[in-house]
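Data first, discussion second: the structure below is written as structure tokens.
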Amino acid sequence: MGKIKDFHENTRKPTGFLGKLMIKRMNFRHSKVSAWGLAHLKLFSPVEILEIGCGGGKNAAELRRMFPPAKVTAIDYSEVSVAAATKYNKGDIITKRMQVMKADVSALPFADASFDLATAFETIYFWPGPLESFKEVYRILQPGGIFMIVNESDGENNAEEQWSKKVEGIRVYTKMQLIRILKEAGFSEFSVDQNTSKHWLCVIAKK
């Protein structure tokens, strides 16, 4: 059980060999919910994108593919994730259409109003706060900027309680909990979509 628990702990902050395995697993396992979330951005035309908690870098690559004129900045607080995302997006990094860097959402190293889109796929479960982190996202967004949260768990499935036992510090939020915290962080307009059969959740907040 100890090795299994150690493996699941790498969902929070991938480290070492088990972290590398977890990142590969996430790129594959989360591809469907990520594609579902990305479909909600079809009407937007962002120029500066911040992908927060980039993991293995697959979603950052998809954002570049969806929005060819845009520049993507992908961040993660795990060195293993940064290395994996850098390798995955080597071509876009060489052409300067993307940068991958180590950073923490609770203290984003960017000036105010630097981005017009920020995304978070399967990652806010572990964000500190999260009010303080959401305030940081609000700060770095331009007026009218969009913050999109995509979660595989909507907080309304009793089976999800198992993850709190497997992964220390994980917190699953309902749509109403997220909207309440986002409002407190400064966001004022919201769009919510749920896949009720799979318990997927997409929340789009506008600055």
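- In terms of modelled atom types and a separation under 3.5 Å, the side chain of S114 and the main chain of A111 share a donor-acceptor contact.
- Contact between C54 and A74 at its shortest, heavy atoms only, is CB-CB, 3.7 Å.
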Using side-chain contact (heavy atoms from CB on, under 4.5 Å), reason through V100 and Y88 one step at a time and then give a plain yes or no.
CA-CA 10 Å; V100 180; Y88 194 94; over 6 Å; no

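- Connection of L201 to V150 is not established within any shared hydrophobic cluster, with ILVMFWY side chains joined at heavy-atom distances below 4.5 Å, either directly or through further cluster members.
- Pairing each heavy atom of Q194 with each of W36, the nearest pair is C-CZ2, 4.2 Å.
- The two residues M101 and P109 have their closest heavy-atom pair at CE-CG, 3.9 Å.
- No donor-acceptor pair closer than 3.5 Å links the side chain of R97 to the backbone N or O of G91.
- There is no side-chain donor-acceptor pair under 3.5 Å between D76 and S78.
- Taking NZ of K90 as the start and OG1 of T95 as the end, the distance is 12.5 Å to the nearest 0.5 Å.
- Of all heavy-atom pairs spanning T123 and G53, the tightest one is OG1-CA, 4.0 Å.
- A donor-acceptor contact shorter than 3.5 Å is absent between the side chain of E189 and the backbone of K206.
- Comment: E62 engages R65 in a salt bridge, judged by a side-chain N to carboxylate O separation of less than 4.0 angstrom.
- Counting only heavy atoms from C-beta outward, the side chains of M66 and F44 never approach each other to under 4.5 Å.
- In this structure, I49 and F115 have side chains that are not in contact, with every pair of non-hydrogen atoms separated by 4.5 Å or more.
- Within the 4.5 Å cutoff, side-chain heavy atoms of P128 are placed close to those of V105.
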side-chain contact (heavy atoms from CB on, under 4.5 Å) between I124 and L178, intermediate numbers included:
CA-CA 10 Å; I124 66 161; L178 285 177; 3.4 Å; yes

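- The distance from atom CG of L108 to atom OG1 of T73, rounded to the nearest 0.5 Å, is 11.0 Å.
- You'll find the side chain of H40 stays beyond 4.5 Å of the side chain of S191, heavy atoms only.
- No path of Ile, Leu, Val, Met, Phe, Trp and Tyr side chains, each step under 4.5 Å between heavy atoms, connects I75 with V80, placing them in separate hydrophobic clusters.
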Show the numbers, then the answer: is there a side-chain contact (heavy atoms from CB on, under 4.5 Å) between K207 and Q142?
CA-CA 7 Å; K207 179 172 179 178; Q142 301 169 7; over 6 Å; no

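- Within the 4.5 Å cutoff, the side chain of S31 has heavy atoms near those of the K58 side chain.
- With contacts defined as side-chain heavy-atom distances shorter than 4.5 Å, the pair Y173/I149 does not qualify.
- Nearest heavy-atom pair, Y138 versus A185, reported as atom, atom and distance to 0.1 Å: CG-O, 3.7 Å.
- In this structure, M148 is not a member of the same hydrophobic cluster as F187, with clusters built from ILVMFWY side-chain heavy atoms closer than 4.5 Å.
- A heavy-atom distance below 4.5 Å is found between the side chains of W200 and K32.
- With ring centers used as reference points, F134 lies under 6.0 Å from F147.
- A donor-acceptor contact shorter than 3.5 Å links the side chain of E122 to the backbone of E152.
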Passes side-chain contact (heavy atoms from CB on, under 4.5 Å), V137 versus I52? Steps please.
CA-CA 9 Å; V137 177; I52 307 171; 3.8 Å; yes

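- One finds the CG atom of L141 at 12.0 Å from the CD atom of E48 (value rounded to the nearest 0.5 Å).
- Panel note: side chain D116, backbone V47; a donor-acceptor pair is recorded below 3.5 Å.
- Using a 4.5 Å cut-off on side-chain heavy atoms (C-beta onward), N59 and T119 make no contact.
- Side-chain contact of S197 with N195: a donor-acceptor pair under 3.5 Å is present, judged by distance alone.
- The shortest heavy-atom contact between H199 and E156 is CE1-O, 3.6 Å.
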Start with the C-alpha distance between K135 and E132, add both sets of side-chain angles, then the distance that settles salt bridge (Lys or Arg N to Asp or Glu O under 4.0 Å), and finish with yes or no.
CA-CA 5 Å; K135 284 183 176 179; E132 295 78 7; over 6 Å; no

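- With rounding to the nearest 0.5 angstrom, the CD atom of E51 is 9.0 Å from the CG atom of L117.
- Grouping the Ile, Leu, Val, Met, Phe, Trp and Tyr side chains by contacts below 4.5 angstrom, directly or via other members, places W127 with L131.
- Checking side-chain atoms of R64 against main-chain N and O of N89 turns up no donor-acceptor pair under 3.5 Å.
- At a threshold of 4.5 Å between side-chain heavy atoms, the hydrophobic network of Ile, Leu, Val, Met, Phe, Trp and Tyr places M98 and L38 in one connected group.
- For the atom pair K96 NZ and I94 CD1, the distance stands at 10.0 Å (nearest 0.5 Å).
- The line from CD of E184 to CD1 of I179 is 14.0 Å long, rounded to the nearest 0.5 Å.
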